[in-house]
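Below is one structure, written out as structure tokens; the observations come after it.
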Protein chains: 2
Amino acid sequence: MVKIKEIEKSTEIKILEAAKQEFLERGFDGARMQKIAERAGINKALLHYYFRSKENLFKAIFQSVFENFFPKVVKTFQSEISFFDKLKFFIDNYIDVLSKNPFLPAFILHEIQLRPEMLINSMKEQGFNPSVFLNMFKREMENGVICNMRVEHLVVNILSMCIFPVAAAPIIKGMIFKNDDIEYQQFLEERKIIVYEFVVNSIKK
Amino acid sequence: MVKIKEIEKSTEIKILEAAKQEFLERGFDGARMQKIAERAGINKALLHYYFRSKENLFKAIFQSVFENFFPKVVKTFQSEISFFDKLKFFIDNYIDVLSKNPFLPAFILHEIQLRPEMLINSMKEQGFNPSVFLNMFKREMENGVICNMRVEHLVVNILSMCIFPVAAAPIIKGMIFKNDDIEYQQFLEERKIIVYEFVVNSIKK
DNA sequence: ACTATTTTTGACCAGTTGGTTAAACTATTT
DNA sequence: AAATAGTTTAACCAACTGGTCAAAAATAGT
């Protein structure tokens, strides 16, 4: 049994991985329990054995996925580097995470439209607090390092420019890059620097 | 019959309005033909009488909705006002349209993930051409009015800051404004100016 | 007023979907 | 090795869903 666990992933892990794919690609309403079972290579009844219902399985996935969507800000921002390096590091890192989870942004944005409770739930359960983020910028404004503005707008601007281009990948690919995946990936790569410069240009005193 | 048409909307219009609501809120997979019929106050079979299938009805809605999502750039940009006024007008106008269609951005972003063809289709059918948009900025760069950068990034930045805050409304409301709708609406209103200033600060020479 | 055409409806259908169950299989305990 | 507990499966089910159809109702044409 020990050997099996090492070679073959545990059933629960296999289910979670399959469910994550299915839910991320198709959303709750589009996802099919049968498809999840097939993807995991198991019998459909096993899904209900491990996770009572579709709703339950979905909640598990949403929570695990939520972590990737809301950047673990604390570690990034507690380091000793300068404000601008923190900002640069954050943007680089966040775009990187998202571009490796291409379905994530659109999935979250879609699901929360009719289930905002899920968000609040996940936030509480993970102790996520946006004010850590906001306060960092507020401090730099008070120190006169960056221009004064409502921090909420600044933060939303930064997040917008990181998240939207991934959520809108099919649009951008289709309209700008003639559906060339490589060119689009290159575009995202460039943004790690461009977004930082764009923000700094705008807020630096 | 003339009188009836004036008082009561034609069946087709009623269906389209009901379907638009249902599809925008729930997406294709979450929408129910029965619910659309109820919303329109008609029998379900009528839906199939006017639009053969759910798929067909969806296509009709997607196309009509697409127009609002992709700003009618031409008219805005052909006017004689200065570049910066065009930009200001565009951002103001676009945020306004989106905030009046709160489900629109997340709907489009979700649906295109697995149906990119729909996008291409609607684009062709409506003769939408993104290069009109891109070229305007390129011209101003060549004229030395704004800083040089890859126009694609500039345009994506602007669109990001207009679209994302609407798509992410439930997140922003929940995390920043304690679910206060009015404060959130005020926030969007402010962005009409803030986004413009943020962009201009960054690109003005 | 009568007919032909279009619009609307209720009843119905076949396929799908999430979920259940009893039995088979596997591993663990004694 | 026998009993016990934990996994896995195939078969099944009730509810729902998109879609059909024949008949009824409304409208238009004569």
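Reminder, nothing fancy here: chain letters follow the sequence lines and each chain counts from 1.
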Find the distance [X]:[atom1] to [N]:[atom2] and express it as a whole number of Å.
X: Met33(A); N: dA15(D); atom1: CE; atom2: C1'; value: 16 Å
X: Leu47(A); N: dT17(C); atom1: CG; atom2: C1'; value: 13 Å
X: Ile15(A); N: dT9(D); atom1: CD1; atom2: C1'; value: 13 Å
X: Gln34(B); N: dA11(C); atom1: CD; atom2: P; value: 13 Å
X: Asp29(B); N: dT16(C); atom1: CG; atom2: P; value: 15 Å
X: Phe58(B); N: dG19(D); atom1: CZ; atom2: C1'; value: 19 Å
X: Ile42(A); N: dT9(D); atom1: CD1; atom2: P; value: 7 Å
X: Leu57(A); N: dT17(C); atom1: CG; atom2: P; value: 16 Å

Check: Do we get Arg115(B) above Phe28(B)'s six-membered ring, with its NZ or CZ under 6.0 Å from the centre and within 45° of the axis?
Finding: yes

Checklist line | Sugar-phosphate, base or nothing in reach of Phe51(B), heavy atoms under 4.0 Å | finding: nothing

Item checked: Sugar-phosphate, base or nothing in reach of Ala31(B), heavy atoms under 4.0 Å -> sugar-phosphate

Margin query: Looking at dT20(D), which nucleotide sits across from it as a Watson-Crick or G-U wobble partner, both distances under 3.5 angstrom, or is there none?
Written below: dA11(C)

Item checked: For dT17(C), the Watson-Crick or wobble partner whose two distances fall under 3.5 Å -> dA14(D)

Next item on the list: Would you please confirm or rule out a distance under 4.0 Å between OP1 or OP2 of dT7(D) and any side-chain N or O of Thr11(A)?
Entry: no

Check: Is any side-chain nitrogen or oxygen of Tyr50(A) closer than 4.0 Å to OP1 or OP2 of dT8(D)?
Finding: yes

Using the side-chain heavy atoms of [X], tell me which of these nucleotides is nearest: [options].
X: His48(A); options: dG19(C), dT8(C), dT20(D); value: dG19(C)
X: Leu46(B); options: dT8(D), dT9(D), dT8(C); value: dT8(C)
X: Tyr49(A); options: dG18(C), dG19(D), dT8(D); value: dT8(D)
X: Arg32(B); options: dG18(D), dT8(C), dT20(C); value: dG18(D)
X: Ala45(A); options: dA10(D), dT9(C), dG19(C); value: dA10(D)
X: Asn43(B); options: dA10(D), dG6(D), dG10(C); value: dG10(C)

Margin query: Show, in sequence, the C-alpha distance, side-chain angles and deciding distance for Glu25(A) and Lys35(A), and conclude whether the salt bridge (charged side-chain N to carboxylate O under 4.0 Å, His left out) test is met.
Written below: CA-CA 12 Å; Glu25(A) 286 178 19; Lys35(A) 276 278 166 67; over 6 Å; no

Item checked: CA sep, side-chain torsions, deciding dist, call: Ile146(B), Leu154(B), side chain to side chain contact (heavy atoms under 4.5 Å, CB included) -> CA-CA 11 Å; Ile146(B) 58 175; Leu154(B) 176 53; 4.2 Å; yes

Notebook entry, point to check: How far apart are the C-alpha atoms of Phe58(A) and Met118(A), what are their side-chain angles, what is the distance that settles it, and do they pass the side chain to side chain contact (heavy atoms under 4.5 Å, CB included) test?
Noted result: CA-CA 10 Å; Phe58(A) 179 77; Met118(A) 294 228 73; 3.4 Å; yes

Next item on the list: Determine whether the aromatic ring centres of Phe107(B) and Phe23(B) lie less than 6.0 Å apart.
Entry: no

Checklist line | Pair of N/O donor and acceptor under 3.5 Å linking dG19(C) base with Lys44(A) side chain | finding: yes

Notebook entry, point to check: Under 3.5 Å, is there a donor-acceptor pair between the Gln34(B) and Glu38(B) side chains?
Noted result: yes

